[in-house]
Amino acid sequence: MVPDISISGISAFEDATTGDLCFVDDVRLASRVAETCARGVVCVTTTEIAERAGGPVSVLIVPDPRSTFFALAEQLVPPSPDVAKAERPRARIHPDAQVHPTAIIGDGAAIGPRTEIGAYVCIGAGVQIGYDCMIGSAADIGFALIGNGVEIKSGARLGGAGFGLIPSEAGTKNTPHFGRLLVQDNVRIGANSCIDRGVLGDTVIGENSKIDNLCHIGHNTRVGRNVVMAAFAGISGSVDIGDDVVMGGRVGIVDHVSIGAGARLGADAAVFSSVPMGETWAGSPAKPLKQWQRETVWLKRETGKRSPD
């Protein structure tokens, strides 16, 4: 049952605070439900999880918590304004900023001093961009906070909804996104790269990280400081990448894993599990470098043997 609690926001289960509505559909988290609800949180969940929670809980019991939660969230959170209908005079553009006349600046956006906005750039409503940034032509930025000294190359797409899907009786539906994209100071994002906003929390790109052209970073991923990511990298959602990680070209990382600080991922590595800090992995599936080298040598030797006639 749900006591008399005023709901003032939505949140991921792990981040929920007083007045938030969240959901939990993983029975392994049942032991944490009572503690979360004690903070004045309402959880959308199943009967099984509520029964296992123990203690007084403020819950809304439904068969499918994920679908129900997002249906409620769409009713609670007002839709964002259409950037195409925004009026530039309502944006806050510093007098020392340079904005190309073809750029579209959304309602409530802010652009700092000495920042350059190229031709046909689209800046969404409420986006904040710091000072000394360079935004290349035809870049599209929404639902984002951009730090200082950030370079975003032409055609980059930042802050769009990620590839989240919800099964339903009417067929698969897209997961609504309510989070943001946070890009910290001195980050470089290459041409035609795409970085998704978070679903409920934020996607974060740490300061001084350098992302090559044609990379993709999924929703809720957190990239640490000084990370280097070569072209064609594909990072799935909810990946945690530590500081000083270096990735070769065409690295692919599955969702919900972590890459430890200082790790190295060889070109074309397909990462299906978490990588400890400081280790170098390579191959598909990726594994520690020396193991991958031994297996590669063995395979070459065995396949090179002549079959008996």
Side-chain angles (χ1 to χ4, degrees), residues 12-15 24-32 35 147 162-164 179-190 193-302:
F13 176 72
E14 296 81 2
D15 304 322
V24 56
D25 56 0
D26 186 345
V27 71
R28 293 173 297 181
L29 299 176
S31 62
R32 296 170 54 187
E35 177 186 354
F163 191 62
R180 305 169 298 178
L181 167 62
L182 309 182
V183 179
Q184 297 179 356
D185 295 350
N186 301 314
V187 168
R188 177 201 185 275
I189 299 173
S193 289
C194 297
I195 305 178
D196 301 333
R197 64 191 285 212
V199 176
L200 295 171
D202 297 323
T203 301
V204 180
I205 309 298
E207 62 184 15
N208 203 47
S209 290
K210 311 301 180 187
I211 298 169
D212 201 354
N213 303 331
L214 296 165
C215 293
H216 175 259
I217 299 175
H219 55 213
N220 301 331
T221 287
R222 302 181 72 87
V223 176
R225 298 177 176 87
N226 304 308
V227 171
V228 176
M229 189 180 300
F232 299 106
I235 315 301
S236 300
S238 301
V239 174
D240 189 359
I241 300 173
D243 297 343
D244 304 305
V245 169
V246 176
M247 303 182 195
R250 292 212 318 177
V251 165
I253 303 178
V254 74
D255 59 292
H256 293 88
V257 299
S258 61
I259 310 298
R264 303 290 187 267
L265 303 177
D268 213 26
V271 181
F272 291 95
S273 59
S274 294
V275 177
M277 64 183 299
E279 292 194 6
T280 299
W281 283 32
S284 179
K287 58 197 68 177
L289 179 62
K290 290 186 181 298
Q291 179 183 348
W292 174 74
Q293 289 174 330
R294 287 195 302 267
E295 293 179 359
T296 302
V297 170
W298 178 89
L299 183 62
K300 182 178 181 180
R301 183 176 63 246
E302 293 298 310

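- L181 is listed as a side-chain neighbour of T203, based on a closest heavy-atom distance under 4.5 Å.
- Nearest heavy-atom pair, A263 versus P276, reported as atom, atom and distance to 0.1 Å: CB-O, 4.0 Å.
- Side-chain contact check for R32 versus V24: every heavy-atom pair is 4.5 Å or farther apart.
- A donor-acceptor pair under 3.5 Å links the side-chain atoms of D212 to the main chain of A231, judged by distance alone.
- The line from CG of N220 to CG of D196 is 9.0 Å long, rounded to the nearest 0.5 Å.
- Side chain of S238 to backbone of H256: no donor-acceptor contact under 3.5 angstrom is found.
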When the side chains of residues 285-294 are checked against the rest of the protein, which donor-acceptor pairs come out under 3.5 Å, sequence neighbours left out?
from: K287; atom 1: NZ; to: E295; atom 2: OE1; distance (Å): 2.7
from: Q291; atom 1: NE2; to: E295; atom 2: OE2; distance (Å): 3.1

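- The minimum heavy-atom distance between S193 and C215, with the atom names listed, is OG-N, 3.0 Å.
- Taking CG from N226 and OG from S209, the interatomic distance works out to 6.0 Å, rounded to the nearest 0.5 Å.
- Across V251, L265, I235, a single residue satisfies side-chain contact (heavy atoms from CB on, under 4.5 Å) together with M229, and that is I235.
- Across all their heavy atoms, A230 and G249 have their closest contact at CB-N, 3.5 Å.
- With D202 contributing its side chain and R180 its backbone, the two residues share a donor-acceptor pair below 3.5 Å.
- Pairs engaging residues 245-266 under the salt bridge (Lys or Arg N to Asp or Glu O under 4.0 Å) rule: R250-D268 [sequence neighbours left out].
- Contact annotation: the side chain of I259 approaches that of V271 to within less than 4.5 Å [non-hydrogen atoms, C-beta and beyond].
- The list of side chain to side chain donor-acceptor pair (under 3.5 Å) pairs with a residue in residues 228-237, not counting sequence neighbours, is empty.
- Between V223 and I211 there is no side-chain heavy-atom pair separated by less than 4.5 Å.
- Scanning both residues, V239 and I241, for their nearest heavy atoms gives CG1-CG1, 3.7 Å.
- For the atom pair CD1 of I253 and CZ of F272, the computed distance is 11.5 Å after rounding to the nearest 0.5 Å.
- Of the N and O atoms on the side chains of N186 and N208, not one donor lies less than 3.5 Å from an acceptor on the other residue.
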